[in-house]
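Heads up, the thing below is written out as structure tokens.
Below, chain A is the first sequence line, B the second, and so on; all start at residue 1.
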Protein chains: 2
Amino acid sequence: MKVCSRDVARAAGVSPATVSLVMNGRTHIALSESTRARVRDAAERLGYRPNQVARNLLTGRTRTLGLLLPSLASSFVARIADGVQREAGDRDQHVLLAHTRRDPAFEQRQIEMLLQHQVEGLVIVASEETLPSLESRLDVLEQAGVPCVVIDDHTHVDRVDCVVSDDRQGAEAAVAHLIHAGHRRIAHWGAGDATSSARDRLGGYRTALRRARIPFSASLVLGDSFRSAPAPEVVRQWLARRNPPTALFAANDRHLAECLPVFRDLRIRIPEDLALVGYANYDFAAYLDLTSVDQDPTALGKAATRRLLDRIASPRMKPSRMDLPTRLVVRGSSTVVPIPVPAPCPAP
Amino acid sequence: MKVCSRDVARAAGVSPATVSLVMNGRTHIALSESTRARVRDAAERLGYRPNQVARNLLTGRTRTLGLLLPSLASSFVARIADGVQREAGDRDQHVLLAHTRRDPAFEQRQIEMLLQHQVEGLVIVASEETLPSLESRLDVLEQAGVPCVVIDDHTHVDRVDCVVSDDRQGAEAAVAHLIHAGHRRIAHWGAGDATSSARDRLGGYRTALRRARIPFSASLVLGDSFRSAPAPEVVRQWLARRNPPTALFAANDRHLAECLPVFRDLRIRIPEDLALVGYANYDFAAYLDLTSVDQDPTALGKAATRRLLDRIASPRMKPSRMDLPTRLVVRGSSTVVPIPVPAPCPAP
DNA sequence: CTGTCGTACTAAAACGTGTTAGCTTGCCAT
DNA sequence: ATGGCAAGCTAACACGTTTTAGTACGACAG
């Protein structure tokens with residue numbers, strides 16, 4: 001059934017060694033052109049397909065990277081994976097997929113699996129749930145001698161390469177934009193302080209305020225308390241108090257999208273009564289005319305993969321952190337634009 | 001550096017064969033409990049990790065599935081991939097990822113790669129671009145003796161297992177819903193006729209009309225001409241003609257989302273002047289209050305994976321087609337709801 | 001005839017594991 | 001003593017490649 005190099009060798013009247021030399025285009029050893037042709041012909045005729053598994057075992061190299069992510073259900077993560085896959089394809093590396101399911105125990109088993117499969121490196125997409133155990137995972141990987149790159153969190157830059165988007169700068173640009181539009185009471189709806197990106201967004205928010213000499217007020221910062229209650233509930237109570245903010249910078253477009261009905265319900269006009277800026281620039285942000293900070297997750301995936309391959313090539317380098325630029329996309333939720341039909345569509 | 005079974009054997013004072021027996025929990029051959037303990041202990045101490053590559057070569061089994069998809073950038077595809085990965089994880093299979101990049105030539109190379117890696121089966125997510133060459137890919141796979149399952153197209157059910165969502169039923173439900181709401185002139189914005197799902201949606205549309213004794217009118221069906229021009233342009237011209245439809249069933253939420261500004265611009269009220277039903281139920285459909293047909297892509301991925309594993313287990317089965325049920329999610333774009341919050345965007 | 005050299009090819013080892021036939025040892029029955 | 005048997009373990013092969021040392025052979029010079 002399955003045809004191996006021995007079969008080809010027999011058919012071409014040569015030895016398996018010769019088949020190998022021909023198939024791999026090795027020229028440092030002399031082979032007559034007629035032999036080469038005979039081998040190629042036999043391989044073609046028999047439908048010979050070299051067995052990568054055998055090759056990997058012998059050479060000790062697999063050209064395979066592990067991609068460990070929380071879940072592909074998140075489009076942000078999926079686009080990162082797309083970038084990884086694209087870059088890997090260009091450098092012809094293969095990608096073995098693994099989920100953590102946001103469960104540390106499951107993650108551990110998956111890492112074990114990837115190592116047993118002899119992956120040469122690991123791209124890890126961080127998630128809040130698996131972040132606490134990341135350090136011990138790094139121990140395991142280090143001991144196994146398998147390098148890795150962490151995407152979307154830089155808490156452990158001292159030990160491992162990190163590729164993140166420049167959330168500090170992104171947040172700062174978002175808030176500066178609101179300040180420029182005349183706002184002074186700007187609220188921030190954060191994402192807690194578990195991840196470095198959440199902390200950085202808060203940091204960028206504070207920096208922008210400081211630069212404009214606007215005092216920081218803790219009462220204007222809403223943590224990740226929305227986790228215990230639905231976002232609309234939280235924001236409803238929050239806006240009901242006296243002296244509400246005139247602008248809101250949210251750490252995630254999704255919070256804003258979920259709250260739009262609440263704003264309509266409360267007769268809060270966007271952007272006149274409340275200007276909104278989100279984060280991540282999901283595709284629905286365009287449809288909802290939400291100003292947002294674009295992160296380019298595909299670029300994250302590509303950059304991480306490049307970095308990983310560089311490290312595999314030269315393992316001694318000092319771990320580095322890479323901050324990919326973000327881009328503020330201004331839409332109707334933060335500015336009153338002249339044309340009544342903003343621009344979620346290709347302009348005429 | 002890398003510790004192998006021989007090292008463990010030496011450390012435990014046994015042979016590699018014994019190590020293998022212990023590590024794999026084989027009990028059909030008697031081993032004293034003390035030996036088992038010694039081996040386990042040594043393995044633990046040395047950080048022994050069995051080499052899957054060697055194991056795969058020897059046993060000829062890899063427990064690895066190939067997942068071939070157009071691109072992870074589409075959230076629909078990504079959610080299918082999520083389902084595949086989840087189901088594979090549960091049956092402890094591994095997943096080797098491959099992109100087609102919507103390019104038949106690249107796809108061919110990727111399939112070759114997957115086969116060389118000795119995947120035991122292939123999940124193929126169909127795309128319009130690679131559909132024409134699918135048949136010849138099936139030839140290759142058949143000859144290699146590697147089974148596969150196609151998701152999202154059933155053109156080739158005669159040769160291969162197909163897992164699709166029941167688009168005929170989904171479309172019928174959508175249109176029946178519009179008819180039930182009193183509409184008679186219902187337009188259909190299709191997706192061409194290249195894919196079976198596009199054809200099925202058109203079929204469901206016609207069935208619903210027939211059941212309600214509404215004559216089919218070709219002038220109410222818009223093909224995939226939007227590919228040559230931006231969707232808003234197309235729909236603008238289309239609605240400008242005399243005797244426009246009172247309802248629109250689109251093969252894709254995205255078309256509707258992009259056209260909402262056009263409707264606003266033309267002073268067409270949703271749903272009073274034009275009722276809308278989309279397809280796929282993207283997350284933004286909820287935010288935009290769009291009625292849509294939900295497809296559950298995760299279930300598609302899971303079902304396909306189950307089917308693939310069944311076929312690997314018993315290759316002689318006749319190829320089958322599996323239609324996963326769809327679910328109509330009624331929102332404000334198709335019915336006047338009691339609460340006056342139909343506005344898709346933060347309207348001024 | 002012998003030695004040298006280049007060309008064309010191959011034999012054999014290696015990668016790390018799983019399987020199985022067979023070996024050793026001790027024990028018990030004859 | 002001898003045979004039989006079970007328990008406990010191992011030797012050796014196999015998987016399909018790649019690599020390298022080495023062989024065979026002809027040509028050609030001395």
Side-chain angles (χ1 to χ4, degrees), chain A residues 1-40 42-43 46-64 113 115-120 144-145, chain B residues 1-40 42-43 46-64 113 115-120 144-145:
Chain A
M1 182 78 223
K2 194 140 268 178
V3 35
C4 71
S5 66
R6 205 191 350 264
D7 301 323
V8 177
R10 210 164 5 225
V14 296
S15 76
T18 307
V19 174
S20 170
L21 293 174
V22 173
M23 294 307 286
N24 296 351
R26 288 240 160 288
T27 56
H28 70 115
I29 279 193
L31 286 180
S32 78
E33 196 43 56
S34 77
T35 305
R36 297 199 116 88
R38 264 193 352 270
V39 170
R40 266 195 273 269
L46 300 182
Y48 170 59
R49 216 177 325 261
N51 185 328
Q52 270 293 348
V53 175
R55 191 182 292 203
N56 290 345
L57 174 60
L58 182 59
T59 63
R61 301 218 40 204
T62 58
R63 302 186 75 75
T64 300
M113 179 276 278
L115 291 177
Q116 292 190 5
H117 275 266
Q118 314 295 116
V119 295
E120 295 182 358
Chain B
M1 181 77 221
K2 195 142 265 177
V3 35
C4 69
S5 66
R6 205 190 350 261
D7 302 322
V8 177
R10 210 165 4 225
V14 296
S15 76
T18 307
V19 175
S20 170
L21 293 174
V22 173
M23 294 308 286
N24 297 351
R26 288 240 159 288
T27 56
H28 70 114
I29 280 193
L31 287 180
S32 78
E33 196 43 56
S34 77
T35 304
R36 296 199 117 88
R38 263 195 351 270
V39 170
R40 268 195 271 270
L46 301 182
Y48 171 59
R49 214 174 330 257
N51 185 328
Q52 271 292 349
V53 175
R55 190 183 293 204
N56 290 345
L57 175 60
L58 180 60
T59 62
R61 300 216 44 203
T62 59
R63 303 186 75 74
T64 300
M113 179 277 278
L115 291 178
Q116 292 189 6
H117 275 266
Q118 312 297 113
V119 295
E120 295 181 359

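In this structure, A/Leu57 places its CG atom 13 Å from C1' of C/dA13, rounding to the nearest Å. Taking atom CD of B/Glu33 as the reference point, atom P of D/dG8 lies 10 Å away to the nearest angstrom. When the P atom of C/dG18 is taken as reference, atom CZ of B/Arg61 falls 14 Å away, rounded to whole Å. Rounding to whole angstrom units, CZ of residue A/Arg55 and P of D/dC15 are separated by 19 Å. Between B/Leu31 atom CG and C/dT25 atom C1' the separation is 16 Å, expressed in whole Å. Residue A/Asn51 contributes atom CG, which lies 15 Å from atom C1' of C/dT17 at whole-angstrom precision. In this structure, the CG atom of B/Leu58 is 15 Å from the C1' atom of C/dA14, given to the nearest Å. In this structure, B/Arg36 places its CZ atom 15 Å from C1' of D/dT10, rounding to the nearest Å.
Among the nucleotides D/dC15, D/dT17, D/dC9, the one closest to the side chain of B/Ser32 is D/dC9.
Considering only heavy atoms from C-beta on, A/Ser5 stays 4.5 Å or farther from A/Val8 through its side chain. You'll find the side chain of A/Asp7 reaches within 4.5 Å of the side chain of A/Cys4, heavy atoms only.
Each side-chain hydrogen bond (donor to acceptor under 3.5 Å, both in side chains) pair with one or both residues in residues 12-31 of chain A, not counting sequence neighbours, appears once here: A/Ser15-A/Thr18.
Dashed line: the shortest gap from a side-chain N or O of A/Thr35 to OP1 or OP2 of C/dA8 is not under 4.0 Å. Between A/Ser5 and D/dT17, a side-chain N or O to OP1/OP2 separation shorter than 4.0 Å is present. Between B/Thr59 and D/dC15 there is no side-chain N or O to OP1 or OP2 distance below 4.0 Å.
DNA chain C is contacted by B/Ala17, B/Ser20, B/Asn24, B/Arg26, B/Ile29 of residues 11-29 of chain B, taking any non-hydrogen atom closer than 4.0 Å.
Remark: of the listed residues A/Thr62, A/Asn51, A/Val53, A/Thr64, A/Thr64 is the sole one forming a side chain to side chain contact (heavy atoms under 4.5 Å, CB included) with B/His117.
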Before you tell me yes or no, could you show the steps for A/Glu120 and A/Arg63 under salt bridge (charged side-chain N to carboxylate O under 4.0 Å, His left out), namely the whole-Å CA-CA distance, both residues' side-chain angles and the distance that decides it to 0.1 Å? CA-CA 7 Å; A/Glu120 295 182 358; A/Arg63 302 186 75 75; over 6 Å; no
For a salt bridge (charged side-chain N to carboxylate O under 4.0 Å, His left out) check, start with the C-alpha distance between B/Glu33 and B/Arg38, then their side-chain angles and the critical distance, and finish with the verdict. CA-CA 9 Å; B/Glu33 196 43 56; B/Arg38 263 195 351 270; over 6 Å; no
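In terms of modelled atom types and a separation under 3.5 Å, the side chain of A/Gln116 and the main chain of B/Gln52 share no donor-acceptor contact.
Scanning all heavy atoms of the two residues, the minimum distance from A/Tyr48 to A/Val19 falls at CE2-CG1, 4.5 Å. Closest approach of B/Asn56 and B/Arg61 over heavy atoms only: OD1-O, 3.0 Å.
Direction change of the helix axis from one end of the helix from C/dC1-D/dG30 to C/dT30-D/dA1 to the other is 80°, with five pairs defining each end axis (rounded to 10°).
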